[in-house]
Amino acid sequence: MTDINRDYCIVPDNFYPVKSLQKYVHMGVVRKYRKGDTISFPGEVLDRVIYVVSGKVSVYFLEDNKQKLMYYACRYCPIDGAFGFKIGLIHVVSEENSTVCFFSKEQLFEIFRQDDEAHLEFLSNFACKCGFFMYVSKEMDLYTPTARVLRMIYELCLTKGKVVDNIYEIDIKLTQKTISEITGVHFVSVCRIFGWLKKEKIVHKTPNKIIIYDLPRLKDMINLNNKH
DNA sequence: CCATTAATATATA
DNA sequence: TATATATTAATGG
């Protein structure tokens, strides 16, 4: 079996997809939101699982007038508001026009009783998220900010890069700001890193893709930026 | 809205 | 104390 975490969780918007739940959307409460709409306000009691049917939703933690992006939920991704412990204020926002379905715990139990596959996928999604946040925690402890950004590019290259003449192309729509939010590196620092990578002709980022001209050099840079 | 740059302050090895 | 990173603010695409 391939490594699920690597396949799904470098950018936290592609956790293990729970496709089987699609069939049961009629059992829950379906709502549509427009881009920028809040799906669940900070402080609001959320006792449902929010299942993303289409579009894209983001989950933030709020604290001390600051907000921290935890993850994005795209199609087939559930956002748990029913099973886990509540950790402070959670803000769920629609990033695009989105359709979501609210499931209660009881509804999900009913589904799981009759559908092992849905159950398994749901668990896999949970495990995938758990793995991602362990990964992030490790990155924070073991690597410098610059190394974290470089490592993210490197990981993306290995998992999603397409090779042509030793040049890797990653088709991914990713802003520097998003990379900043995911890696915990300040957006100005991220900008400087990409500026340097471009100047050195190692990596070039456009709005829709990342091109790696010199993978060995990228790897060298990661090592040079490791903590000693 | 997103990216870049400079000046300055903090943090870390 | 030297280097890396964050912060803030100003500016341009």
Side-chain angles (χ1 to χ4, degrees), chain A residues 10-14 32-42 52 54-75 88-89 91-98 100 132-157 160-161 167-228:
Chain A
I10 296 161
V11 175
D13 67 350
N14 193 28
K32 285 179 187 294
Y33 295 90
R34 315 210 49 165
K35 183 178 181 175
D37 285 350
T38 288
I39 297 173
S40 179
F41 285 92
V52 179
S54 71
K56 184 177 179 180
V57 172
S58 56
V59 179
Y60 291 91
F61 279 10
L62 255 65
E63 204 166 296
D64 197 23
N65 286 328
K66 294 173 182 178
Q67 59 172 215
K68 165 68 186 169
L69 172 76
M70 297 316 289
Y71 64 92
Y72 295 108
C74 293
R75 195 162 59 146
L89 303 178
H91 193 191
V92 182
V93 184
S94 184
E95 291 287 319
E96 300 169 0
N97 292 346
S98 306
V100 306
F132 173 78
F133 289 109
M134 286 193 273
Y135 175 86
V136 169
S137 155
K138 175 213 64 175
E139 291 286 306
M140 288 293 183
D141 268 6
L142 299 185
Y143 301 100
T144 63
T146 299
R148 295 203 298 272
V149 173
L150 297 176
R151 283 168 58 81
M152 182 175 164
I153 300 167
Y154 187 74
E155 286 293 305
L156 281 171
C157 185
K160 300 182 193 207
I167 294 174
Y168 293 80
E169 239 181 77
I170 309 162
D171 284 306
I172 190 166
K173 213 174 161 182
L174 205 56
T175 65
Q176 292 187 5
K177 187 170 163 287
T178 305
I179 293 172
S180 157
E181 287 180 308
I182 294 165
T183 57
V185 180
H186 198 271
F187 68 95
V188 174
S189 300
V190 172
C191 180
R192 287 164 54 92
I193 292 164
F194 275 104
W196 188 85
L197 288 170
K198 186 179 173 183
K199 194 189 69 177
E200 295 291 321
K201 296 183 166 58
I202 300 171
V203 171
H204 183 56
K205 195 186 105 50
T206 69
N208 293 311
K209 57 179 63 175
I210 300 172
I211 302 158
I212 290 108
Y213 295 110
D214 196 338
L215 190 63
R217 190 103 187 275
L218 178 61
K219 201 170 182 183
D220 289 345
M221 284 309 121
I222 291 170
N223 291 326
L224 286 175
N225 281 284
N226 277 347
K227 287 180 182 173
H228 296 116

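These numbers come from a predicted model, not from an experiment. Lettering follows sequence order; numbering is per chain, from 1.
- A:Tyr143 has its OH atom 19 Å from the P atom of B:dT12, to the nearest Å.
- Set against C:dA6, C:dT7, B:dA3, the side chain of A:Cys191 has B:dA3 as its closest nucleotide.
- If you take CZ of A:Arg192 and P of C:dA6, they are 10 Å apart, rounded to a whole angstrom.
- When heavy atoms are screened at a 4.0 angstrom cut-off, A:Val185 is found touching the sugar-phosphate backbone but no base atom.
- Nucleotide C:dA4 holds its P atom 15 Å from the CZ atom of A:Arg148, rounded to whole Å.
- For the pair A:Ile193 CD1 and C:dT5 P, the computed distance is 7 Å after rounding to whole Å.
- Side chains of A:Val11 and A:Met152 form a contact here, defined as non-hydrogen atoms less than 4.5 Å apart.
- Cation-pi geometry between A:Lys56 and A:Tyr72 is satisfied (NZ or CZ under 6.0 Å from the ring centre, within 45° of the ring normal).
- No more than 12 heavy atoms of other residues, nucleotides or ligands shown are found within 6.0 angstrom of NZ on A:Lys32.
- Regarding contacts with the backbone of C:dT5, a side-chain N or O of A:Thr144 is found under 4.0 angstrom from either OP1 or OP2.
- For A:Val188, counting side-chain heavy atoms from C-beta on, the closest listed nucleotide (C:dT5, C:dT8, B:dT4) is C:dT8.
- Between A:Thr146 and C:dA4 there is no side-chain polar atom (N or O) within less than 4.0 angstrom of OP1 or OP2.
- Between C:dT7, C:dT5, B:dA3, one nucleotide has an atom nearer to the side chain of A:His186 than all others, and that is C:dT7.
- Taking atom CG on A:Leu142 and atom P on B:dA13, their separation rounds to 13 Å, with Å as the unit.
- Set against C:dA6, B:dC2, B:dT4, the side chain of A:Pro145 has C:dA6 as its closest nucleotide.
- Distance, A:Gln176 CD to B:dT5 P: 10 Å, rounded to whole Å.
- A:Asn208 has its CG atom 15 Å from the C1' atom of B:dA3, to the nearest Å.
- When all heavy atoms of A:Ile153 and A:Ile170 are compared, the closest pair comes out as O-CD1, 4.1 Å.
- At a threshold of 4.0 Å, the pair A:Arg148-A:Glu139 does not count as salt-bridged, since none of the basic side-chain nitrogens sits closer than that to a carboxylate oxygen.
- Residue A:Ser189 has a polar side-chain atom (N or O) positioned under 4.0 Å from OP1 or OP2 of C:dA6.
- Atom CG in A:Asn225 sits about 14 Å away from atom P in C:dT3, given to the nearest Å.
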